[in-house]
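Have a look at the structure below before the remarks.
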Amino acid sequence: GGLELGALGCLNDNEKDINLKIALELKEILSQMGANVIMTRDCDANVSLSDRVKIAEDNCTNIFISIHLNSIPDIKMNIHKNSGTGVYYYNENSKELAKIMEKSLTSILKTRNDGVHQASYAVIRPTSYVGVLVETAYMTNPYDSVLYLSDDFSRKAAQGIADGILNYAFSLKKCK
């Protein structure tokens, strides 16, 4: 947010704007379900990575979702391979949420499964919470851009994330 635009899409759209729209939709859905939702940003503002982690830790967050759209330089772009939805985790305690989230999102968005990957992103490294980074679609893929620019994409992405969180919570109850 703010001066940090994120990736630039095929039609000169900014990642930060789409991410925020999804996040606000997600907050509405989760709040209606009775969840206590803490946003790292709820407007177009700069929030550093360390501040995002601090907000999560200061609020004793159980689950942290970082919402993004993927991108790749044109020279490396393969529209058949570099498309769809991917989910990243770092700690093993977050792997199950990542797998559930990937299924939930690709099901509702009808995107290609770009996989579940382990990666060392600052906001998902802490072990004090279960954290995943979601790449809902590729901004640099012309087919994906049609999807994420559609009227219902933000709502569907938010619903897919909410469904993933619920399915993850149910999976925990089965284990106990």
**Request:** In sequence, state the C-alpha distance, the side-chain angles, and the governing distance for S154 and E25, and then conclude on side chain to side chain donor-acceptor pair (under 3.5 Å).
**Result:** CA-CA 7 Å; S154 295; E25 293 275 4; 5.8 Å; no
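- Between the OG atom in S107 and the CG atom in N113 there is a gap of 11.0 Å [rounded to 0.5 Å].
- In this structure, CG in D152 is found 12.0 Å from CD in Q159, a value given to the nearest 0.5 Å.
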**Item:** Worked verdict on R41 versus L20 for side chain to side chain contact (heavy atoms under 4.5 Å, CB included)
**Value:** CA-CA 8 Å; R41 73 178 180 103; L20 182 58; 3.7 Å; yes
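- Across every non-hydrogen atom of A56 and T61, the tightest pair is O-OG1, 2.8 Å.
- Side-chain contact between I55 and F64 is absent, with no heavy-atom pair separated by less than 4.5 Å.
- The side chain to side chain contact (heavy atoms under 4.5 Å, CB included) search around N62 returns none, not counting sequence neighbours.
- Using a distance-only test at 3.5 Å, with no hydrogens or angles considered, no donor-acceptor pair links the side chain of D42 to the main chain of L24.
- In the hydrophobic clustering of this structure, V132 groups with L30; members are Ile, Leu, Val, Met, Phe, Trp, Tyr whose side-chain heavy atoms approach within less than 4.5 Å, directly or through other members.
- When all heavy atoms of S104 and I161 are compared, the pair lying nearest together is OG-N, 4.4 Å.
- Taking CD of E15 as the reference point, atom OG1 of T140 lies at 10.5 Å (rounded to 0.5 Å).
- Linking Ile, Leu, Val, Met, Phe, Trp and Tyr whenever their side-chain heavy atoms come within less than 4.5 Å leaves I124 and I38 in two separate clusters.
- Under a 3.5 Å cut-off, the side chain of E102 and the backbone N or O of V116 do not form any donor-acceptor pair.
- The pair E28-R155 meets the salt-bridge criterion, since a charged nitrogen lies less than 4.0 angstrom from a carboxylate oxygen.
- Considering every non-hydrogen atom in both N141 and N82, the closest pair reads ND2-O, 3.1 Å.
- What you find for I67 and A23 is that their closest heavy atoms are CD1-CA, 3.8 Å.
- By the side chain to side chain donor-acceptor pair (under 3.5 Å) test, T127 is found to be paired with no residue, residues two or more places apart in sequence or in another chain being considered.
- In this structure, S31 contributes its side chain and K27 its backbone to a donor-acceptor pair below 3.5 Å.
- Under the 4.5 Å side-chain heavy-atom criterion for ILVMFWY residues, a single connected hydrophobic cluster contains both L105 and M33.
- Between the CD1 atom in I100 and the CZ atom in F170 there is a gap of 11.5 Å [rounded to 0.5 Å].
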**Item:** Chi angles and distances behind the side chain to side chain donor-acceptor pair (under 3.5 Å) call for Y129, N93
**Value:** CA-CA 8 Å; Y129 52 76; N93 70 332; over 6 Å; no
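- The shortest side-chain heavy-atom distance between I165 and I63 falls under the 4.5 Å cut-off.
- Side-chain contact between K95 and Q118 is absent, with no heavy atoms from C-beta onward closer than 4.5 Å.
- Proximity of E57 to P126: side-chain heavy atoms (C-beta onward) are separated by under 4.5 Å at one or more points.
- Cluster membership for I65 and I108, using ILVMFWY side-chain heavy atoms within less than 4.5 angstrom, is shared.
- Checking side-chain atoms of D144 against main-chain N and O of G84 turns up a donor-acceptor pair under 3.5 Å.
- The distance from the CG atom of L69 to the CD1 atom of I18 is 5.5 Å, given to the nearest 0.5 Å.
- Taking the six-membered ring for Trp and the full ring otherwise, Y121 and Y88 have centroids separated by under 6.0 Å.
- A donor atom on one side chain and an acceptor atom on the other are found under 3.5 Å apart for R125 and S120.
- Judged purely by atom type and a 3.5 angstrom limit, S66 has no side-chain atom pairing as donor or acceptor with the backbone of L133.
- You'll find the side chain of E135 stays beyond 4.5 Å of the side chain of V87, heavy atoms only.
- For the pair Y148/D13, a side-chain contact is recorded, criterion being any heavy-atom separation below 4.5 Å from C-beta on.
- For R112 (side chain) and S83 (main-chain N/O), a donor-acceptor pair under 3.5 Å exists by modelled atom type.
- D51 contributes no side-chain N or O that, together with a main-chain N or O of V47, makes up a donor-acceptor pair within less than 3.5 Å.
- Counting heavy atoms from C-beta outward, H68 and N19 have side chains that approach closer than 4.5 Å.
- Counting only heavy atoms from C-beta outward, the side chains of V130 and Y168 approach each other to under 4.5 Å.
- Contact detail for L97 and G164: the closest heavy-atom pair is CD1-O, 4.0 Å.
- In this structure, A162 and L26 approach most closely via the heavy-atom pair N-CD1, 3.7 Å.
- Remark: T85 pairs with T111 by the side chain to side chain donor-acceptor pair (under 3.5 Å) rule, at least two apart or across chains.
- One finds the NZ atom of K156 at 6.5 Å from the OG atom of S150 (value rounded to the nearest 0.5 Å).
- The backbone N or O of R52 sits nowhere less than 3.5 Å from a side-chain atom of T40 that would complete a donor-acceptor pair.
- Looking at K99 and E96, a side-chain N of the basic residue comes within less than 4.0 Å of a carboxylate O on the acidic one, giving a salt bridge.
- In the hydrophobic clustering of this structure, V146 does not group with F153; members are Ile, Leu, Val, Met, Phe, Trp, Tyr whose side-chain heavy atoms approach within less than 4.5 Å, directly or through other members.
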